[in-house]
Each structure stands twice: as structure tokens, then as C-alpha cells.
Engineer: 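I'd like to ask you about the structure that follows.
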Amino acid sequence: MLVNNLKIAWRNITKNKLYSSIKIGGFAFSIAICILIVLYIKHETSYNKFYPNVDRIYRIVSQIPDGDDVMRGLSLTAPAAKAIKDEVPAVEQSGRILPNPLFGAGGNQLTVGSKPENYYDDGFVYVDQSILEMFPSPIIYGQLDHALDNPNTIVLTKGKAAKYFKDNPVGQQIYLNNDKSKPYTITAVIDDIPSNSTLYGYTFFMSLAGEPFYLGEQNNWMATNYTVYVKLKENSDPEQTQSVIQKVYIEGHLIPETLKAGGKIRSYVHQLKMTLQNAVDIHLYSSGIRDDKVSTLNRGDIKMIWAFASIAAFILLIACINFINLSTANAATRAKEIGIRKTIGSDRKSLIDQFMVEAICYSLISLIIGLILAWVLLPLFNNLANKSLEIPIFSWYFIPTLLVALIFIGSIAGIYPALYLSGFKPISALKNKQQSNPKSSLLRNSLVTFQFATSIILIVSALVANQQINFILNKDLGYSKDQVIVLRGLKTLSQDLGSLKNELKSLPYISNVSVGDYLPVPIDGVKRNGNAFSLDDKKDVELPRGGQVWLVDDDYLSTFELRLSEGRNFNPKLASDSSATIVNKKLVEQLGITHPIGAKINNGQSLTIIGVVDDFIFESLKEESGPVSLVLGNSPSLLSIKVKAGHIDQSLAQITKVWDKFSPSQKINYSFLDEGFESLYQDVERTKNIFTCFAFIAIFIASLGLFGLATYITQQRTKEIGIRKVLGASSIGLLTLLSSNFIKLVFIAIVIAVPISWWTMDTWLQDFNYRIEINWLYFILAGFLAIFIAIVTISYQTLKVIRANPVNSLRDE
């Protein structure tokens, strides 16, 4: 019986080539998209899961009330990790990560042994030995145990070792930033960090066992720079443990050490709370947590996982709806077959079995084509999503999972057509006079409405995401990011930096040059810090305000075109300017300063305000930029060059020539500030592109469903159309008659989709501190696009029937 059903199924598939192609094409596309999305979700939810005992590894997150919000961060003090391990019974192991460029992490110049060449590279990070033990990687050379126990030791990843050494580099030395007094000895080489690891992006692991970064730093309970991880003992309660950690950290050390140092305990200290975040949750549940640049760039979002999963389900559901509509639309061609089979004794169960076998055959063919499509589209999807996904075709679970999904999807898609077609009455079926069922019509209309509502939601999402990214890239930031070239690798030129700057300024196409690591765009190598500001005469009685202190030179304002609203710029010839500051308006506002010029503020030292600049955005537009104090100082690892418009190529050639003169053994390393700014929003750009692609795919598949419904309706009304034509009806009138119902369905879909899409995108936009308002034009455009596609889809089938000779449709009357 099964063999017979398979033969009949194959005959019907090959006989009705148009219907079969549409059914299989829609299914294949939806399966391909589902496979890609499932691969993406699987990768996003796999972070850190491959590490042993990861269920017991946690990151300590501090949080403190900030008005109506909660500020969450990772920075703890240097001695915190050891104190927590020693004094919290449930903690088995603790370790610190220091990713802050202020202390030498991030990018550095690297010299191998006695070789003269200098190379700029990034991915440097300070870690405790215990971090490598909590997050172990396969060893390529050396031993992982005790690799970072000693000062000035470093562990490289396989890729970096291959880049700088021909063979085993263990025991060899490298120097950073031409500091020959401090060689780093390579103790081990580990495998490259997987992309689904918290440590991904780090490639040079430097020991924290060396000297303190400044006098007393390792025992300082007031300076917070370290991310702390803990590994709990088996069967420990995380909630109870975090309460103990909070007590040890705040009451056991922070408060006593602050009082011991002569400081005052502010009220916010008692509101400080320590929480534990499991390592598995770091990637998807860290929205709102302030961390380092590497972690932020690799951060995911659980909301996107749910969004992608919903899209996959909707696209697959749209394909199932197509199958149902096309199967019922093709009912007229199967009516006589069903009537004959029932007349010769086939019962309804055998007919249902036949149609279910057909549905599963369609699904099997679609699955094979869908796999091929997924394989073809995977490079494009990887580029869109910035991933390196692979189809696990040889994994034990992959094929069985697809087969189970195949049977399930085929059954879901085929059950209604099977019940509908097998229910035909033999006499009516043989006469080809099936009566339309109002309930069936309602179901088909509802399904098409659902399809177009889903498509409109995706179209609106793509339009809003596109407008938001354009808004971000073109927003007035309060400074100029265009025509600015940023040079890296200046740490080796400390003696000649002034001469390099002056020679660059003398070039004909250069308008200004500034030396400093505190740039408005947080790209690689740019520094940030945290300071507490108060009015100088109220520093002991008022709650300080958090902000930034940036070391800049006197060319900083003109290079980045910061707008000076009051006061003056720095003058290096004035000795008093060594204790002067230029602040932004936000700092003036938060400290309540009425007349800022000449006012004194304090962040551990007294600073006199000599100028006020307009507020400028120096963080991601997802966050609000805070107070800034600019002071004259030395932070010489980056150099920013403002180029005159239209002369980038000539300027680069001249800059390279000057660089080679000052540093012949080090290749020039530069980037453009505006490109760095755009790279900060690659995740938003990717979201926009993915939603746009999904919107096109969804509306394409939905159009196939509409084509099926149009085919069904026109087949049902063929005789009516013939009679109307005989009585003189025009083609335009008939097209309007047949299309009106479909257009009504699209309008209903618009009504349903508008509030859902508005709520969805309004929620998404809440992640941005600077965002657009959702314009009603987006919904009109999406609606017109849906109506246009519907009309084009319907017109083909309806015009085909309208142009047919009415004699053929009325011949048996």
C-alpha cells in the first residue's frame, strides 16, 4: 500500500509541475532559512558551555542605584579576588582579568628578541593563572600549569605564535613598546580561543603576578579596574554565596580600608550590591553591563535570539500555509480522481494516507533542496551575521533531527488538505461540482491574512532599523570625525614625538595634529577612565559626580572641532594651565556651577576651569555620554591627523614618508576615525540587513500563498466569469471583482500588523539613548508595498482566466 501511495504521489508531483514547483520552492526556502537561523541560535547559546564545570564559574557584577535606573559594572579592586577566595567558604578558586588600556592591555608594539622590527598588535590582556585554569584551552607548546605564576610571563595563542615564530617559541622573549628593561618570557602556547568563548578576542595573556602598576596598587581598595571570576565548590548556593561576597567585599574591606585611608563613606557605598552571573549567561544576558571593548563587541542579546526564533517559526508557518492553500486550490483537478477511487471502494482513511504520503514526499524533496540552499546561502549569512557557522552534516544528531522535523512539518502541512480532499462526495466529485465550504474559505482567508501581516511586520522592522542606523551615522555628535587619520604605535617614539608632530603639521594638506589616547570615538587603543568630581570647596560634604578625565594637548579642540562656548583653550606656555581644565556643559550642570570660568573642581586634585565646550557624544549612542574634564597631559600612544577635504590619498603618501623617516623598522599602522565610528554599530547594521533579507523572503513565500488562493478562487468562479463575459462584463471590471476580496485581506493584515510592528520596534529602539521617532510613513510604505505585491501576484492568474474563451468554461452546461 505504501509503495502504491508513493507511486501516486510521485505521479501527481511530476504531473502538476507549476503547483509542485511552488510548493517545493516555498518549503525549500523556509527550510533553508530555518536551518541558518537554528545554526545561529545554537552558536549564540553555546557560549562557554564547552568549559569543564562551567556551571560553577561566575563573574562578579556590581550594581548600584542610579536615579530610577541601576548602574551595573564589572570593575572591582585589585585585592578583591584574593580576599573573596580566602574568606568566602563556598569559593574554590578566583581570578582577575585586567583589559584596561590604561595599564598596557589592548594594543602594543611588539619586538621579538633582538630583532629590530616592531609590530603593532592587539588582543593583549592581563590575567591571573587561575583564569587560564577556569577557562582552559588545549596546549600546543609548554605547560598550562603555572604558566603565569611568575612575573613578566606571557601565554600566546597558536595564531599569534605562528605569526611571529617559525617553531616552538616557549622560552623565547618578546618586548613591548621598546621597553628592553622588561622582557616577557613565553611560557606556553594555547590553541586559538573559540569564537563562542568569553575570552574570544584576547590573544596575548600577560601575567598579573608582577610589580604593581603604581605604588600600593595591589592593596588599594578604592581603585576599581579588575573583572573578577570565581569558581564555586560543588553544591554551593550561588545566591547565598553572593550575599557572603557582598559582606566580605563591602563590610569586611571596602568600608574599613576607606576609613583607614582617611576617606569618607558615601551613602551609595551602602547601596552597592554584588551579584553572580554564570559564565554561560555572560554572552546573552549582559545588556546594560559596562565592560571592556572586546567583551562588548562580542556581546549578544537574548532578545535577538527570540526575534530570530520567531522569524524562523513564522517563515516555516508561512510555507505550511502555502502548502495548504495550494493543495486546496488544486482540488478541482483531483476531484474526479477522488470520486473514482471512492466509487471503486476506497475509504476515507486510505485517501488520507495517500495525501499524507504526498505531503511528506513534498517535504522530503523540499528538505533536500533546502539543505543545498542553506549550504549555498551560508557564506552570505555568515557575512551578514559576522559569524563562522558551519552545517554539522556529519554530526550524529543532525540528520535524525531533520528527519523528525520532516515528518512533523509534512504532517502539519498535509493534515488539512488530506481531510478536505478526502471529504469530497463521489457524485459531486465526478461531476466536478464541489461546493465551497464557508469554514474552509474563512480558514484560507485567515491564513493569507496571517502571512501578509507577518510580512508587513518584517518590512516595517527593516525600514525602522534602516532609518535608525542612518540616524546614528549622520547625527551631530558635537565633534568632527571626518577626515581624521589615527596613527597607532607611537610608544616607541617617545623621544621624537614632538618632532614627528611638528613635521606632520607642516605638510601642505594637514590642517592639525593632536597627540593623545582619549579620542571621542572608542576605537582600538582609545582610553577611558572613571573619576569622581566635586566642587573644590564642597568635596567633603557633597556626593561626587562620576565622569572622565582626559589627558590632551593644546591642539585637541581644533583637531576634533570641539565647540568652545565659554573661556579659552589651553596655553602650554602658561604654568598655571598645568592645573587647569576645560569641561563639558554636562559637568557644569551636574555640579550646579553658575559661573564656570575660574571655578575650582576636585577629583583628587584641584583644577581651575578655564573653558567650557558643548556636550559631545563619546560613547555608543546606546548610552548617554557623561561629564568630561580635559587637562593638559601626556598620553602618547595615538596621534590624530586632521586632513583637508579631498586630499586623503596625497596626505597618506606624505604621512607614510614621514613615518618611515622616524620609525624605519616599524610599519605604519593607521585607521580612519569615521570608519571606526561606523564599526561600533556593525551589530545594528547587521540587524537591519538580516531583517531586510527575512522580510523579502517572507513576502516572497507569502506571495506564493496568495497565488494559490487566487488560483483556487478563479477555478471556483470560472463559469461565473464565463457568464459575466457573455453578458458584456469588461476585463477591468472582472479583474476588480476578483481582486477586491484579496485586497481586503491585505488591508486586514495591515490593521493587524501596524500595532504589533509599532510595539516591536519601539521596544527595540529603547536600547538606544539617541533614537528616532517611529514615523507613520513606515506603515504606509509597508502597506503599499504589500498591496502592490498582492495585486501583481493576483493579476497573473486572474487575467489568465479572464482572457480565456467563455465557451470552454460553459461547454458542459
Side-chain angles (χ1 to χ4, degrees), residues 48 51-63 73-100 103 105 125-137 144-151 153 155 187 198-199 202 205-213 216-258 260 269 272-282 289 291-292 295:
N48 295 332
Y51 288 120
N53 303 310
V54 71
D55 59 312
R56 296 194 279 131
I57 299 174
Y58 293 84
R59 182 173 72 172
I60 300 179
V61 180
S62 64
Q63 62 182 50
L74 301 175
S75 295
L76 300 182
T77 60
K82 185 177 185 303
I84 288 170
K85 182 180 182 298
D86 292 343
E87 300 175 35
V88 180
V91 174
E92 178 181 303
Q93 201 172 22
S94 67
R96 301 169 300 170
I97 295 179
L98 181 61
N100 197 329
F103 299 97
V125 65
Y126 291 98
V127 298
D128 284 322
Q129 167 66 25
S130 54
I131 292 294
L132 297 184
E133 295 170 2
M134 282 190 270
F135 300 99
S137 295
L144 188 62
D145 295 341
H146 310 293
L148 296 180
D149 281 352
N150 297 320
T153 52
V155 171
T187 55
T198 290
L199 300 181
Y202 299 131
F205 296 89
M206 300 180 290
S207 174
L208 273 171
E211 297 294 323
F213 292 101
E217 183 262 343
Q218 287 296 300
N219 296 311
N220 189 340
W221 281 88
M222 271 66 78
T224 55
N225 296 299
Y226 294 81
T227 301
V228 176
Y229 286 83
V230 294
K231 181 179 179 181
L232 304 188
K233 295 177 181 177
E234 290 187 23
N235 302 319
S236 297
D237 182 355
E239 291 191 9
Q240 183 179 356
T241 302
Q242 72 183 18
S243 299
V244 179
I245 289 174
Q246 179 172 326
K247 186 174 182 180
V248 166
Y249 185 85
I250 299 172
E251 297 179 19
H253 291 279
L254 181 60
I255 292 177
E257 293 293 337
T258 302
K260 183 179 177 181
V269 173
L272 185 64
K273 184 179 180 181
M274 299 291 162
T275 60
L276 293 180
Q277 183 184 36
N278 188 255
V280 171
D281 298 330
I282 289 174
I289 296 178
D291 54 17
D292 65 283
S295 299

Engineer: So, do Val155 and Val127 sit near enough that their side-chain heavy atoms are less than 4.5 Å apart?
Structural biologist: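 They are not in side-chain contact.
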Engineer: As an exercise, state the distance from OG1 of Thr241 to NZ of Lys233, rounded to the nearest 0.5 Å.
Structural biologist: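 If we round to the nearest 0.5 Å, Thr241:OG1 and Lys233:NZ are 10.0 Å apart.
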Engineer: Check Ser75 against Ser62 and note the closest heavy-atom contact, atom names and distance.
Structural biologist: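 In terms of heavy atoms, the two residues are closest at O-OG, 4.5 Å.
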Engineer: Using the side chain to side chain contact (heavy atoms under 4.5 Å, CB included) rule, take Thr224 and Leu76 through it: C-alpha gap first, then chi angles, then the decisive distance, then the call.
Structural biologist: CA-CA 4 Å; Thr224 55; Leu76 300 182; 5.6 Å; no
Engineer: Looking at Asn235, I want to see if its CG is surrounded by more than 12 non-hydrogen atoms of other residues, nucleotides or ligands under 6.0 Å.
Structural biologist: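 No, CG of Asn235 has 12 or fewer neighbouring heavy atoms, counting only those of other groups under 6.0 Å.
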Engineer: Please report whether the ring centroid of Tyr126 lies less than 6.0 Å from that of Phe213.
Structural biologist: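 Ring-ring flag for Phe213/Tyr126: true, centres closer than 6.0 Å.
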Engineer: Apply side chain to side chain contact (heavy atoms under 4.5 Å, CB included) to Lys231 and Glu133, showing your working.
Structural biologist: CA-CA 10 Å; Lys231 181 179 179 181; Glu133 295 170 2; over 6 Å; no
Engineer: For a quick test of reading the model, state the closest non-hydrogen atom pair linking Ser94 to Ser130 and the distance between them.
Structural biologist: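 Answer, listing the atom of Ser94 first, then Ser130: O-OG, 2.6 Å.
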Engineer: Compare every heavy atom of Ala209 with every heavy atom of Leu148, then report the nearest pair and how far apart it is.
Structural biologist: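 Shortest heavy-atom contact: O-CB, 4.0 Å.
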Engineer: Hey, what do you get for CG (Asp55) to CD (Glu234), rounding to the nearest 0.5 Å?
Structural biologist: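 Output value for this atom pair is 8.5 Å.
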Engineer: Over all heavy atoms of both residues, which pair between Ile57 and Asn278 is shortest? Give the atoms and the distance, please.
Structural biologist: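 Result for this residue pair: O-ND2, 3.2 Å.
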Engineer: Classify the ring geometry of His253 against Trp221: parallel below 30°, tilted from 30° to 60°, perpendicular beyond 60°.
Structural biologist: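 Geometry flag for Trp221 against His253: parallel rings.
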Engineer: For Met274 and Gln242, run side chain to side chain contact (heavy atoms under 4.5 Å, CB included): C-alpha distance rounded to whole Å, both residues' side-chain angles, the deciding distance at 0.1 Å, then the answer.
Structural biologist: CA-CA 6 Å; Met274 299 291 162; Gln242 72 183 18; 5.6 Å; no
Engineer: Report the distance from atom CZ of Arg59 to atom OG1 of Thr275, rounding to the nearest 0.5 Å.
Structural biologist: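 Here the interatomic distance stands at 9.5 Å.
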Engineer: CZ of Arg56 to CD of Gln93: how many Å apart, nearest 0.5 Å?
Structural biologist: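 The distance works out to 9.5 Å.
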Engineer: Leu232 versus Val91: any side-chain heavy-atom pair under 4.5 Å?
Structural biologist: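 In short, these two side chains touch, coming nearer than 4.5 Å.
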Engineer: Quick check: does any side chain N or O of Asn100 sit under 3.5 Å from a backbone N or O of Asn225, one acting as donor and the other as acceptor?
Structural biologist: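 No; zero donor-acceptor contacts below 3.5 Å.
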Engineer: For side chain to side chain contact (heavy atoms under 4.5 Å, CB included), just list the numbers for Gln277 and Ile289, CA-CA rounded to whole Å, side-chain angles, deciding distance to a tenth of an Å, and then say yes or no.
Structural biologist: CA-CA 11 Å; Gln277 183 184 36; Ile289 296 178; 4.0 Å; yes
Engineer: Does the side chain of Ile97 come within less than 4.5 Å of Leu199's, by heavy atoms?
Structural biologist: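 They are in contact (side-chain heavy atoms under 4.5 Å apart), so the answer is yes.
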Engineer: Got a donor-acceptor contact below 3.5 angstrom from the Asn48 side chain to the Thr198 backbone?
Structural biologist: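 At least one qualifying donor-acceptor pair exists.
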Engineer: Enter the distance from Leu276:CG to Asp237:CG here, rounded to the nearest 0.5 Å.
Structural biologist: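 It is 10.0 Å, given to the nearest 0.5 Å.
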Engineer: Just verifying a value: how many Å separate Asn219 CG and Thr77 OG1, rounded to the nearest 0.5 Å?
Structural biologist: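 Result: 10.0 Å between the selected atoms.
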Engineer: Return the minimal non-hydrogen interatomic distance between Leu144 and Leu132, and the atom names on each side.
Structural biologist: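 So the two residues come closest at CD2-O, 3.7 Å.
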Engineer: Report yes if the side chains of Tyr249 and Ile60 come closer than 4.5 Å at any heavy-atom pair, otherwise no.
Structural biologist: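 The answer is no, as the side chains (C-beta and beyond) never meet within the 4.5 Å cut-off.
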Engineer: Between Met222 and Glu257, which heavy-atom pair has the shortest distance, and what is it?
Structural biologist: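 Heavy-atom minimum between the residues: CE-O, 4.0 Å.
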Engineer: Gln129 side chain to Ala147 main-chain N or O, any donor-acceptor pair under 3.5 Å?
Structural biologist: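 Checking the backbone N and O of Ala147 against the side chain of Gln129, a donor-acceptor pair under 3.5 Å is found.
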